[in-house]
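Everything on this sheet refers to the single structure shown next.
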Protein chains: 2
Amino acid sequence: MTTRWLTPEEQRAWRAYVAASLLLEDTLDRQLQQDAGMPHLYYTILAYLSETPERRLRMTDLAEKLKITRSRLTYAVARLEKDGHVRREACKWDKRGTVAALTDEGMAVLERTAPGHVATVRATLFDHLTPEQVSQLEEICTAVERALQGDGSEAAPAPEGLPWLRRSSSSPPSPPSSSSPPSSSCGS
Amino acid sequence: MTTRWLTPEEQRAWRAYVAASLLLEDTLDRQLQQDAGMPHLYYTILAYLSETPERRLRMTDLAEKLKITRSRLTYAVARLEKDGHVRREACKWDKRGTVAALTDEGMAVLERTAPGHVATVRATLFDHLTPEQVSQLEEICTAVERALQGDGSEAAPAPEGLPWLRRSSSSPPSPPSSSSPPSSSCGS
DNA sequence: GTAGGTTGTTTAAAACTTGAACCAAAGGTG
DNA sequence: CACCTTTGGTTCAAGTTTTAAACAACCTAC
């Protein structure tokens, strides 16, 4: 096949996207580095952890969600652990496994920095969009996400409990319930 | 003011955007690194240069377009120059200035890798969007760009001559025309 | 229990970014 | 012209982040 080039419309959209995402990512990185002392990716790691019922996730799952290599994640988590935002724990049912658990301190950082983060997100993005555009953006990004990740919230549009960018009344202890024993092999 | 949190719609849009842009950027970086031996940012530098009538741009202009520090750009251009994709030239009318010029080899790289790049862009983005969504995306990103950059193509929607992501019949010599002498101070 | 795939870490090297310091050329101003 | 301030761009010395390859422990299945 002789390469289907982009149509003029697609070209314009692509060029605009590249410029905008560069600007956005850069602004966010700067703000978070300044405000939370970590780059956006690391912040996102904490955020993902915070959205989980148990506030913890296996390394591999996390790496897959973030679409980064395990090696890279190891480094990132090591850094976050050093800073006390995350704690490593052994995986109960799979002795190879490691789960990264958000510490209370990590949660606190998330809560403390959320206002500034939200403000930046507003200033750079939502302040310039109409409500229609907001939902269009959601549609578009969801489509991409679904296509590339093959997974994600197909039927669960919003984890609803998410403290991410929302006020959350200081961490309720969250009742114990094993995260996801692989449906087989349980006891020793 | 007590922080205007994101509405549920905005939250969903934001979450989707973050996930999608992570995925996209990562996929692109990987593909370009693999295929053209450089990260997306560097590729974008070449692309910007290629869109210019003279295929050259002053460092400062380039840095502004990319919204990166001059220091960072210096490093990037040094790398691109070492690889032969770009050549540094003195600026005629301002002896402080440096212009980065795309070499034929750099142009060749762009042309050689364009098909793969387009394919990736299609596979990750446009294949999943309706024509309406494409133009919505353009609108949205343009709004962000305009807001954050305060500049950009306000009245010039598409540089039209751009070889970026389009077939371009092997570099026509492009007639000489000084890029942009600052409209004053011409002679010695 | 043994081959084969996973999980996660380690290691060393490389790539990239930052920020401050710096120099040379411009641009005023008196 | 001498002086001072800006601007354009590079350099330097950290520092951070990423990668790739090698590895050890574990699980699975034959």
Side-chain angles (χ1 to χ4, degrees), chain A residues 22 25-26 29-34 36-45 56-64 66-83 86 88-101 180-188, chain B residues 22 25-26 29-30 32-34 36-45 56-83 86 88-100 179-188:
Chain A
L22 246 172
E25 188 57 23
D26 210 71
D29 255 350
R30 242 173 255 294
Q31 185 263 320
L32 284 174
Q33 189 67 56
Q34 161 87 204
M38 65 185 83
H40 190 204
L41 177 65
Y42 288 39
Y43 190 89
T44 306
I45 292 178
R56 67 199 65 217
L57 233 36
R58 274 191 74 160
M59 295 296 276
T60 296
D61 297 341
L62 202 44
E64 257 167 30
L66 295 164
K67 209 73 177 179
I68 64 180
T69 63
R70 278 167 305 168
S71 177
R72 187 174 170 185
L73 181 61
T74 294
Y75 179 92
V77 169
R79 207 263 228 189
L80 289 172
E81 186 171 35
K82 182 170 67 61
D83 294 347
V86 151
R88 272 176 163 87
E89 294 172 356
C91 180
K92 304 281 186 189
W93 65 83
D94 185 341
K95 285 189 184 155
R96 292 170 302 181
T98 307
V99 316
S180 60
S183 79
S184 67
S185 76
C186 266
S188 58
Chain B
L22 245 173
E25 188 55 24
D26 211 71
D29 256 350
R30 243 174 254 293
L32 283 174
Q33 190 67 56
Q34 160 86 205
M38 66 185 84
H40 190 202
L41 177 65
Y42 287 42
Y43 189 89
T44 305
I45 292 178
R56 70 200 61 216
L57 233 36
R58 277 190 73 158
M59 295 296 277
T60 296
D61 296 341
L62 204 43
E64 257 167 31
K65 256 194 219 300
L66 295 163
K67 208 73 176 179
I68 64 181
T69 62
R70 278 168 306 167
S71 175
R72 188 174 171 186
L73 180 60
T74 294
Y75 180 91
V77 168
R79 207 263 226 189
L80 289 173
E81 186 170 36
K82 182 169 68 60
D83 293 349
V86 150
R88 272 178 164 86
E89 295 173 356
C91 180
K92 303 282 186 187
W93 65 83
D94 184 343
K95 284 189 183 156
R96 293 170 302 183
T98 308
V99 315
S179 291
S180 59
S183 80
S184 66
S185 75
C186 266
S188 58

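Naming convention: chains lettered A, B, ... in sequence-line order (proteins, then strands); numbering from 1 in each chain.
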Inset, instruction - Indicate whether OP1 or OP2 belonging to C/dG19 is found under 4.0 Å from a side-chain N or O atom of B/R70. - result: no
Inset, instruction - Quickly work out the B/L57 CG to D/dG8 P distance and round it to whole Å. - result: 14 Å
Inset, instruction - When you get a sec, tell me which of C/dT7, D/dT17, C/dA25 is the closest nucleotide to the side chain of A/R79? - result: D/dT17
Inset, instruction - Please work out if A/S71 contacts a base, only the sugar-phosphate, or nothing of the nucleic acid, heavy-atom cut-off 4.0 Å. - result: base
Legend entry - Side chain A/R72 and base D/dT18 donor-acceptor under 3.5 Å: no
Legend entry - Length of the line joining A/D94:CG and C/dT9:P, which is rounded to integer Å: 13 Å
Legend entry - Euclidean distance, atom CG of residue B/L62 to atom P of D/dT7 [Å, nearest integer]: 20 Å
Inset, instruction - Would you kindly give the OH-to-P distance between A/Y75 and C/dC16, to the nearest whole Å? - result: 16 Å
Legend entry - Distance, nearest 0.5 Å, that separates CD1 of B/I45 from CG of B/L73: 5.5 Å
Inset, instruction - Side-chain contact test, heavy atoms from C-beta onward, threshold under 4.5 Å: evaluate it for A/L66 versus A/R72 and give yes or no. - result: no
Inset, instruction - Any chance you could measure B/E81, atom CD, to B/D83, atom CG, to the nearest 0.5 Å? - result: 10.0 Å
Legend entry - Atom pair distance, as rounded to whole Å: CD in A/E81 and C1' in C/dT9: 12 Å
Inset, instruction - For D/dT10, take OP1 and OP2 only and decide whether either is under 4.0 Å from a side-chain N or O of B/R88. - result: yes
Inset, instruction - Take atom CZ of B/R30 and atom P of D/dT18, then tell me their distance rounded to the nearest Å. - result: 11 Å
Inset, instruction - Figure out the NE2/C1' separation between A/H40 and D/dT17, and round it to whole Å. - result: 17 Å
Legend entry - Reported OG1-to-CZ distance for the pair B/T60 and B/R96, which is rounded to 0.5 angstrom: 9.0 Å
Inset, instruction - Assess whether one donor atom and one acceptor atom, taken from the side chain of B/R96 and the base of D/dG9, lie less than 3.5 Å apart. - result: no
Legend entry - Pairwise 5' ranking along DNA chain D for A/Y42 and B/G97, keeping only the more 5' one: B/G97
Inset, instruction - Quick one: label A/T74 by what it contacts on the DNA or RNA (base, sugar-phosphate, nothing), any heavy atom closer than 4.0 Å. - result: base
Inset, instruction - Return the value, rounded to whole Å, for the distance between atom CG of B/L73 and atom C1' of D/dG9. - result: 10 Å
Legend entry - Pairwise side-chain contact, A/R88 with A/T74, heavy-atom cut-off 4.5 Å (strictly under): yes
